[in-house]
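Everything below concerns the one structure shown next.
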Amino acid sequence: MMNRRPRRNRKSAAIRAMVEETKIGAEHLIYPLFLKDGKGVKEEIASLPNNYRWSLDLLLPEIEECMNLGVRTFDLFPAVNEGLKDNVASYSYASDNFYLHAINAIKERFPESVLMSDVAMDPYSSDGHDGLVCDGEIVNDDTLPILNRMAIAQAQAGIDIIGPSDMMDGRIGSIRQALDVEGFTNVSIMSYTAKYASAFYGPFRDALNSAPKSGDKKTYQMNPANKREALIEAELDTLEGADFLMIKPALSYLDIIHVIKEHTNLPVTAYNVSGECAMIYAAAEKGWLNLEQAVSEILISMRRAGADGILTYFAKDFARWIKN
Ligand code: PBG
């Protein structure tokens, strides 16, 4: 005799569905997209299969397809020509910046979409760092005015959510104040709250050709060994005015998602980064695992850990799978 048999609640698809604890839908997904200047451009990123650098003309129909699948939020990243990069990232707020123009055009065409930006110097920096480099050091406070200018330019272009990924101290408060002074009180900030110095950003840096020219990012991105420190970052971002707290990467940091979720009332998001995506694709290509099942399992694990939203390169595929 056995009083307790947990298998009884797994005995049919209907019962399993009834007792399912975690749900995930297209509404939870944020799709990162890479933009490039020009026309007719759709370049596949070698280390990130099924993801492309798009020119605006080809990106618009792609966004339309995603919207029809229920994915409405997009995180846009610019692939900038080397010739336009300098040590102060001045192209990031230049009036002829193609990325700002694209934000404007996408928002005009799809007013019901939600567009998120990246705020950090690295895509525009000749040093390939997220902050200003002086004598080999990443200087914090002199970076802030540059980030403010970048954020204001993106707000002027019509962005819905600013995404500071730079990990400078005090940047959320600084950007919040700069936006408010310019009248952009409705523009949200999704802070990269706990962003770790990770090997899993490799394919992303290939996509943008944005790897650091010297050194690494360990003086600003977090040490993967630390958990309590993530709570310090979460507390500061909350006090400084963040609307969402993001954890990045996601898969090796489910405990961080969980602990931040337990300590905040703000929505929490997780960034399922490029390297996490690439390794799943690579194994699936070899026939070592089933792509759809593996992706579904990792995305639900992020929701189960406490993520409200998930940034993932699988957004479109996943939305298609759950629709069918
Ligand atoms: C740069 C930035 C990075 C990512 C998002 N914004 C890379 C980095 O910090 O070097 C990584 C995203 C990914 O790997 O998918 N500020």
Side-chain angles (χ1 to χ4, degrees), residues 29-35 45-53 74-80 85 89 91-92 99 116-133 138 140 143-144 146-147 150-151 154 159 161-168 171-172 175 189-224 233 244 246-253 269-282 295 298-299 302 307 309-316:
L29 305 179
I30 303 174
Y31 195 16
L33 294 166
F34 301 105
L35 272 81
I45 297 151
S47 50
L48 196 56
N50 210 14
N51 282 267
Y52 304 85
R53 296 181 201 89
F74 305 92
D75 190 6
L76 307 170
F77 294 97
V80 177
K85 299 183 183 181
Y91 184 67
S92 66
Y99 173 72
M116 173 170 161
S117 68
D118 188 55
V119 168
M121 288 177 62
D122 56 329
Y124 314 94
S125 156
S126 44
D127 297 304
H129 275 288
D130 296 24
L132 192 64
V133 182
I138 318 302
N140 196 89
T143 301
L144 300 181
I146 299 172
L147 302 177
M150 207 182 291
Q154 294 168 354
I159 206 77
I161 304 175
I162 298 283
S165 66
D166 55 282
M167 289 302 278
M168 296 300 115
R171 91 278 204 212
I172 301 304
I175 292 170
I189 300 178
M190 184 184 295
S191 178
Y192 287 62
T193 293
K195 177 172 178 180
Y196 287 86
S198 171
F200 291 99
Y201 306 150
F204 176 96
R205 293 177 189 171
D206 289 346
L208 299 191
N209 192 23
S210 63
K213 299 289 188 309
S214 68
D216 55 39
K217 299 193 174 185
K218 291 180 182 171
T219 68
Y220 46 107
Q221 298 180 350
M222 287 176 55
N223 179 347
E233 292 285 0
F244 306 81
M246 188 210 291
I247 293 86
K248 174 186 177 186
L251 206 44
S252 305
Y253 298 86
T269 57
Y271 199 143
N272 175 210
V273 298
S274 59
E276 299 175 319
C277 170
M279 66 184 178
I280 301 284
Y281 269 125
V295 169
I298 65 166
L299 295 180
M302 292 163 198
I310 302 172
L311 296 98
T312 179
Y313 300 94
F314 293 117
K316 187 183 176 193

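What you see below is based on every heavy atom in this structure, not just the backbone, and it leaves out hydrogens, waters and symmetry mates. In this text, all values refer to a predicted model and were calculated from it rather than measured experimentally. Order of appearance sets the numbers: ligands from 1, and atoms from 1 within every ligand.
Of the protein's heavy atoms, K195 NZ, 3.3 Å lies nearest to atom 2 (C) of ligand 1. The shortest contact between atom 15 (O) of ligand 1 and any protein heavy atom is with Y313 OH, 2.6 Å. Protein heavy atom at the shortest distance from atom 16 (N) of ligand 1 is S165 OG, 2.7 Å. Among protein heavy atoms, atom 1 (C) of ligand 1 sits closest to D122 OD2, 2.8 Å. With respect to atom 8 (C) of ligand 1, the closest heavy atom belonging to the protein is K217 NZ, 3.3 Å. The protein atom (non-hydrogen) at minimum distance from atom 11 (C) of ligand 1 is K248 NZ, 2.8 Å. Of the protein's non-hydrogen atoms, S274 OG, 2.7 Å is the one closest to atom 14 (O) of ligand 1.
Taking each heavy atom of N51 and P32 in turn, the nearest pair found is OD1-O, 4.5 Å. Residues K85 and S126 come closest through the heavy atom pair CB-N, 3.9 Å. Shown here for A278 and L48, the closest heavy-atom pair between the two residues is N-CD1, 4.3 Å.
Near A120, the atoms of ligand 1 lying under 4.0 angstrom from a non-hydrogen atom of the residue are 16 (N).
Exactly one of I159, I189, D130, I175 qualifies for a side chain to side chain contact (heavy atoms under 4.5 Å, CB included) with V119. That residue is I175.
Looking at Y271 against ligand 1, only its side chain comes within 4.0 Å, counting heavy atoms.
Using a 4.5 Å heavy-atom threshold, the side chains of T143 and M121 count as touching.
Between Y313 and F34, the ring-plane angle classifies as parallel under the 30° and 60° cut-offs. The aromatic rings of F204 and F77 lie perpendicular to each other, with more than 60° between the two planes, well past the 30° mark.
With Y192, F204, F200 as candidates, the residue nearest to atom 13 (C) of ligand 1 on a non-hydrogen basis is F204. Of the candidates M121, Q221, R205, the one placing a heavy atom closest to atom 10 (O) of ligand 1 is R205.
Within the 4.0 Å heavy-atom cutoff, D118 counts among the residues contacting ligand 1. Every heavy atom of E276 sits 4.0 Å or more from the atoms of ligand 1.
Judged by a 6.0 Å distance limit and a 45° cone about the ring axis, K248 is positioned over the six-membered ring of Y201.
Taking the six-membered ring wherever Trp is involved, the centroid distance between the rings of F314 and Y281 falls below 6.0 Å.
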